[in-house]
Amino acid sequence: MSRYNAKETEKKWQAAWAGRGTFRVGEDASKPKYYVLEMFPYPSGRIHMGHVRNYTMGDVVARYKRARGFNVLHPMGWDAFGLPAENAARDKGVHPADWTYANIADMRRDLQSMGLSLDWSREIATCHPEYYRHQQKLFLDLLAAGLAYRKEASVNWDPVDQTVLANEQVIDGRGWRSGAPVEKRKLTQWFFRITAFLEDLLRALDTLDRWPDRVRLMQRNWIGRSEGLQLHFDLVDRPDFPRIDIYTTRPDTLFGASFLAISPEHPFAQALAKENAAAAAFVAESLRTGTSEALIETAEKRGFDTGVRARHPFIPGHTVPVFVVNFVLMEYGTGAIFGCPAHDERDFEFATKYRLPILWVVCPPDEKNPASLPTRREAYTEKLGRMINSGFLDGLDVPEAIRAAIAKAEAMGIGKGVVNFRQRDWLVSRQRYWGCPIPVIHCGACGIVPVPERDMPVKLPDDVRFDKPGNPLDHHPTWKHVACPKCGAAARRETDTFDTFVDSSWYFGRFCSPRADEPMQRAAVDYWLPVDQYIGGIEHAILHLLYSRFFMRALKLDGRVGVDEPFAGLFTQGMVCHETYQDASGNWLMPNEVTRGPDGNWISLDGQKVAAGRVEKMSKSKKNVIDPSSILDQYGADTARWFMLSDSPPERDMEWTTAGVEGAWRFSQRLWRILDEALPALPATGAAMPAALSAPAFALRQAAHRTVAAVTNDIETFHFNRAVARIYELANTLQEFRPGDAGDSHALREALEILVCLVGPMMPHLGEEMWAALGHQTLLADTAWPEAAPELVYQDTVMVAVQVGGKLRATIEVSRDLDQAALEAAALSQENVQRAIAGRTLRKVIVVPNRIVNVVV
RNA sequence: GCCCCUGUGGCGGAAUUGGUAGACGCGGCAGACUCAAAAUCUGUUGUUGGUGACAACGUGCUGGUUCGAGUCCGGCCAGGGGCACCA
């Protein structure tokens, strides 16, 4: 009996696919296209198990669709700009480019050893000028279209590293690298006008029916659309500041207003601070604590009574006090609100503290006695009930009152109904070297001047130093000094680079024509886009996926693409987890640093007691990491792939276990053995199936064809774990099958070939080897997916459960679609059923054809 | 605080529209082969009672709808995730 040698065999077939260019594709109008994409990796140097899971799933889909006759685009590239390269430069003295390209080479080798059906001729790296020069071109388009602009904004500033930080790089108010407390700074930065598309980005979420609901919901919440009223309150005796604009989503509660609250950053607060020392002190203190995200949670709601009063817009002669408060954000709405304590929790807290009136204007539906409302100890915030104490709104329900209040404010000319969003424009500039240069020049006379075509691309200089904190491009002695392209005067080159999320917002488009002299060839993107199936982690649910959706819309305006949505189908995979281990002193241990002791408990290699902890996401800090290359080396790619697909549903987190890998490895060996033992008995390839078959042979054919139907459905619906279980069942059936006559061996060959075809997308190397052993000259990768014959999938008998009083008492096998009377008679004739109903009266019998008979007693 | 998801044997998980709970795998137990081990194969494996046929119980807890509920509805509990002064 020969053994399957995964290591050598896998290399052989990888070479065969590469040599024949099996997975190279081009546009082909005669075939339906299918674009499969997994989120491209950051080239950290090694692949991790998350990559293995991600790319295995994508490869199953790609190979399956290919077998179904689709022209499949399945490319790979590198999200290659980013901070780790600069950190490596700082810490190890290597150039970011050298470090990155070396990592790419290592990771490419790892990925290639997985046997993925990738078109490597389309490989791209975002850090290569051949990629980022096109990005610069796209940026200038956005600039010309008014979708990119510069403005002063409050941003996270790391005072030690002297750079802007993204929100996710701020941990507990400190810079993630330097550990220094992050400051809010007003800086002039580059933004993309994502807010121009918010309505559409929100509405179109409903069309993305092959996206997880969860992701769509997260995007919806992130965009945060709200409808409300913007209106102004006139101030009493402030000719310098006659009115304050507020925004509210609850204009129905205006009659419950007992104060106005404005942000410390509001112009009126700033004006007051200039004339009043107490106001200045309050504003200064609020800005200090109020801007640190971590403190906001615990910060007490505080206010400063300005002494100024504002006229109520609907109640003549009535005024309310104006407070500067530490809990109103300048960035949202108008930076000012009206406080209605009775119907807002935060306002209730504030009013209680500062002894302001609490006026009840919405009567909850279950409240019989509105007069008792003032005795309540908390705000009523539901939008349910009828208006009271509210003048012209009295008697209306909340939605009616909202509409009526907006209409009235508009009629009075003091306000208008508006829509507000939580989402702001996208800050894309970073004070970093290892990113795509922003191709503009700042001229004292001409302002912002795009770099002209003849000087494009703006390449990163190679000779940079990382010995000083801050942006190496800014420290470079010559790079930023240029002549203005317009007037020729001395000017300054932009030294900021793009956020790496810009790079990943259009790479899927570049894959369609990766060597084109323009960012995207229109014919190529028209053929391939949108991506039919995108696969990646849930951690990108908002940022990357929202930015990409924005980018497509911007590019469409420019006529570079014809679609709005980049990803027609999205699948978010779960994480790969592993048990954690700690020694007696609390140090984390790697999985290969522990072993089972004589009593079955974990011990370290030197015999010390080890505590096994929770199963958690593989991470360097917990050391619960398995290196994929050691698994690929020891067991081969097919085993790793099979294990990744087994057991756990793909969207859920999975636990990596040694037992699981060994189980997968044993199965690959078992498949080979089943084939090896069957081979001598098999008829030649392509021999015709005899018309008459023995009962076991017919049953085998049925099992095989039913497996095809089930596995096909499971792959289509991303239920890889179910497909794996079905394949195990077929393998078990095959293993038990002993061919008798010649017809039996025909059925055996057919079932074996089906098994190999079904296994192919998951264990492609073993699949090819088995396919060749079956006598085929062609590649399994070029073989069509098997068709399930309807007459073999059809069940002519069914198992029907018989219940008495809802409890199972028997199962009977009857012919399919047996009529109800006969089914009932068959059920009642069962001995066990008779025993169960003996001495009881039959009330009725429920008969569900092909499923169940329930005798009600 | 608000929103969302999840909860099934020792473990990962199956279970079409409400219709036989536990497919398949891992692990365990018993056996075969072997001088022995590895590998492989066979049987068995939700809990309890019974030699057995069988019976009772069983899908986080609790109440309901139904001939019938893991699945539907109400109220809880636990774990995970997202958002969080958003007016």
I'd like the [atom1] distance from [M] over to [N], given in whole Å.
N	M	atom1	result
B:G18	B:C73	P	11 Å
B:C33	B:A39	C1'	11 Å
B:U6	B:U66	P	27 Å
B:G13	B:C24	C1'	9 Å
B:U47	B:G68	C1'	23 Å
B:G31	B:G22	P	28 Å
B:C3	B:C57	C1'	38 Å
B:C85	B:G80	C1'	25 Å

I want to verify the glycosidic state of B:G68; is it syn or anti under the 90° rule?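 You should classify B:G68 as anti.
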Return the 5'-most residue of the pair A:Ala810, A:Ser648 with respect to RNA chain B, ranking by each residue's nearest nucleotide.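 It is A:Ser648 whose nearest nucleotide is closer to the 5' end.
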Toward the 5' end of RNA chain B, which comes first, A:Arg652 or A:Arg809, by nearest nucleotide?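 It is A:Arg652 whose nearest nucleotide is closer to the 5' end.
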Is there side-chain contact between [X] and [Y], with at least one heavy-atom pair below 4.5 Å?
X	Y	answer
A:Val362	A:Arg250	yes
A:Gln573	A:Met57	yes
A:Pro313	A:Leu231	yes
A:Arg809	A:Gln830	no
A:Val576	A:Ile626	no
A:Ile223	A:Phe421	yes
A:Glu199	A:Val419	yes
A:Trp656	A:Met644	yes

Whether the A:Asn420 and A:Ser226 side chains hold a donor-acceptor pair (N or O, under 3.5 Å, no angle test) is what I'd like checked.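 Checked: A:Asn420/A:Ser226 side chains show no N/O donor-acceptor pair below 3.5 Å.
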Regarding A:Tyr380 and A:Glu382, is there a side-chain donor-to-acceptor distance under 3.5 Å anywhere?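 No.
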Does A:Arg376 make a cation-pi contact with A:Phe348 (under 6.0 Å, within 45 degrees of the axis)?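 Ring-cation test returns no.
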Pair A:Asp676-A:Arg673, salt bridge (charged side-chain N to carboxylate O under 4.0 Å, His left out): steps then yes or no: CA-CA 5 Å; A:Asp676 201 49; A:Arg673 205 173 334 108; over 6 Å; no
Base, sugar-phosphate alone, or nothing: which one does A:Met654 contact when heavy atoms must sit under 4.0 Å apart?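 If one applies the 4.0 Å heavy-atom cut-off, A:Met654 turns out to touch nothing in the nucleic acid.
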Would you classify A:Gln735 as touching base, sugar-phosphate or nothing, given that sugar-phosphate means primed atoms plus P, OP1 and OP2, and contacts are heavy atoms under 4.0 Å?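 Sugar-phosphate, backbone atoms only, no base.
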What does the list of N/O pairs under 3.5 Å between the protein and nucleotides 24-29 of chain B look like, with a distance for each?
residue : atom : partner  : partner atom : Å
B:G25   : OP1  : A:Asn732 : ND2          : 3.3
B:C26   : OP1  : A:Arg666 : NH2          : 3.3
B:G27   : OP2  : A:Arg666 : NH2          : 3.3

Counting only Watson-Crick or G-U wobble pairs whose two distances fall under 3.5 Å, which nucleotide matches [N]?
N	value
B:A78	B:U6
B:G1	B:C83
B:G70	none
B:C35	none
B:G43	B:C29

Could you tell me which non-hydrogen atom of [X] sits nearest to which non-hydrogen atom of [Y], and how far apart they are?
X	Y	value
A:Ile538	A:Val215	CD1-CG2, 3.7 Å
A:Val325	A:Val328	CG2-CG2, 3.5 Å
A:Pro212	A:Leu570	CD-O, 3.5 Å
A:Ile358	A:Pro341	CG1-CB, 3.8 Å

List, with names and distances, any nitrogen or oxygen atoms from the protein found under 3.5 Å away from nitrogen or oxygen atoms belonging to nucleotides 72-75 of chain B.
none

Do the side chains of A:Glu349 and A:Arg346 get close enough for a salt bridge, i.e. N-O under 4.0 angstrom?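 Judged by the 4.0 Å cut-off on N to carboxylate O distance, A:Glu349 and A:Arg346 do not form a salt bridge.
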Cationic N near anionic O, under 4.0 Å, A:Asp206 to A:Arg220: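 Salt bridge: yes.
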Quickly work out the [X] [atom1] to [N] [atom2] distance and round it to whole Å.
X	N	atom1	atom2	value
A:Arg424	B:C86	CZ	P	12 Å
A:Glu831	B:A55	CD	P	11 Å
A:Trp656	B:G13	CH2	C1'	18 Å

Give me the residues of residues 846-856 of chain A where at least one heavy atom lies under 4.0 Å from an atom of RNA chain B, by number, or none.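 Here the set is A:Ile846, A:Val848, A:Arg851, A:Ile852, A:Asn854, A:Val856.
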Within residues 333-352 of chain A: residues closer than 4.0 Å to RNA chain B (heavy atoms):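 Result for residues 333-352 of chain A: A:Ile337, A:Arg346, sorted by number.
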What are the atom names and distances for every N/O pair under 3.5 Å that joins the protein to nucleotides 46-48 of chain B?
none

Centre-to-centre under 6.0 Å for A:Tyr354 and A:Phe259, is that the case here?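 No; A:Phe259 has its ring centre 6.0 Å or more from that of A:Tyr354.
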Would you tabulate the pairs of protein nitrogen or oxygen atoms and nucleotide nitrogen or oxygen atoms of nucleotides 81-83 of chain B closer than 3.5 angstrom?
residue : atom : partner  : partner atom : Å
B:C83   : O3'  : A:Arg422 : NH2          : 2.5

Do the side-chain N or O atoms of [X] get closer than 4.0 angstrom to the phosphate oxygens (OP1, OP2) of [N]?
X	N	result
A:Tyr247	B:A87	no
A:Arg673	B:C41	yes
A:Gln230	B:A87	no
A:Lys807	B:A55	no

From the options B:C4, B:A21, B:C86, select the nucleotide whose nearest atom is closest to the side chain of A:Leu808.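 The answer is B:A21, which lies nearest to the side chain.
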Side chain to side chain contact (heavy atoms under 4.5 Å, CB included) partner of A:Asn713, chosen from A:Ile715, A:Val711, A:Thr717: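 Among A:Ile715, A:Val711, A:Thr717, the one that satisfies the side chain to side chain contact (heavy atoms under 4.5 Å, CB included) with A:Asn713 is A:Thr717.
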